[in-house]
Amino acid sequence: MQLYYHPLYSDLILPERHRFPIQKYKLLKTEIESLGVLASAFQEPKKANASQLALCHSQRYIDDFLAGTLGRVDLCGLKFVQSRGD
């Protein structure tokens, strides 16, 4: 079994009582390690490329997301604050 984890998964600062329990990823990794799995067993995932994103998103959505120009409806669907990241 391959295990993937990146600290960014749990670094989002969300409002209290946000419906997405972001800390669950860090807690799950900690729980798996407590079962004897070494931290070195976790791999850091690679960013998805455009063709992988196109498997589940339209090209317009991908272009707007990457450019930081998503419309209000799309942003509301994300339930996250949009920020420019590199």
Side-chain angles (χ1 to χ4, degrees):
M1 176 190 327
Q2 294 180 332
L3 301 171
Y4 294 90
Y5 179 77
H6 194 290
L8 288 176
Y9 293 165
S10 300
D11 280 351
L12 288 176
I13 299 172
L14 300 175
E16 189 173 326
R17 300 182 150 271
H18 190 276
R19 72 180 190 163
F20 192 83
I22 198 72
Q23 291 301 317
K24 71 181 177 181
Y25 296 111
K26 187 175 193 175
L27 294 171
L28 180 58
K29 180 180 184 282
T30 301
E31 181 65 22
I32 292 170
E33 288 173 341
S34 76
L35 297 172
V37 176
L38 299 176
S40 61
F42 289 84
Q43 299 176 49
E44 190 170 303
K46 297 175 185 164
K47 289 183 181 181
N49 63 40
S51 63
Q52 292 167 323
L53 293 173
L55 293 171
C56 56
H57 297 290
S58 70
Q59 191 59 51
R60 181 204 58 84
Y61 182 89
I62 294 168
D63 293 342
D64 289 350
F65 181 85
L66 294 174
T69 58
L70 283 176
R72 180 184 169 115
V73 171
D74 290 325
L75 285 173
C76 287
L78 288 176
K79 303 292 184 202
F80 294 109
V81 176
Q82 184 182 23
S83 63
R84 297 288 304 191
D86 296 314

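In what follows, every heavy atom counts, from backbone to side chain, and hydrogens, waters and symmetry copies are set aside.
Remark: I32 pairs with L3, L28, V37, F42 by the side chain to side chain contact (heavy atoms under 4.5 Å, CB included) rule, at least two apart or across chains. In this structure Y9 satisfies the ring pair (Phe, Tyr, Trp, His ring centres under 6.0 Å) test together with Y5, Y25, sequence neighbours excluded.
Within the structure, side chain to side chain donor-acceptor pair (under 3.5 Å) pairs that include any residue of residues 32-45 comprise H6-E44, K29-E33 (at least two apart or interchain). Among residues at least two apart or in separate chains, side chain to side chain donor-acceptor pair (under 3.5 Å) pairs with a member in residues 50-59 are N49-S51, Q59-D63.
Atom NZ of K26 sits in a sparse spot, with 12 or fewer heavy atoms from other residues, nucleotides or ligands closer than 6.0 Å.
Rounding to the nearest 0.5 Å gives a distance of 4.0 Å between OG1 of T69 and CG of D64.
Heavy-atom minimum distance, A48 versus L53: CB-CD2, 3.9 Å.
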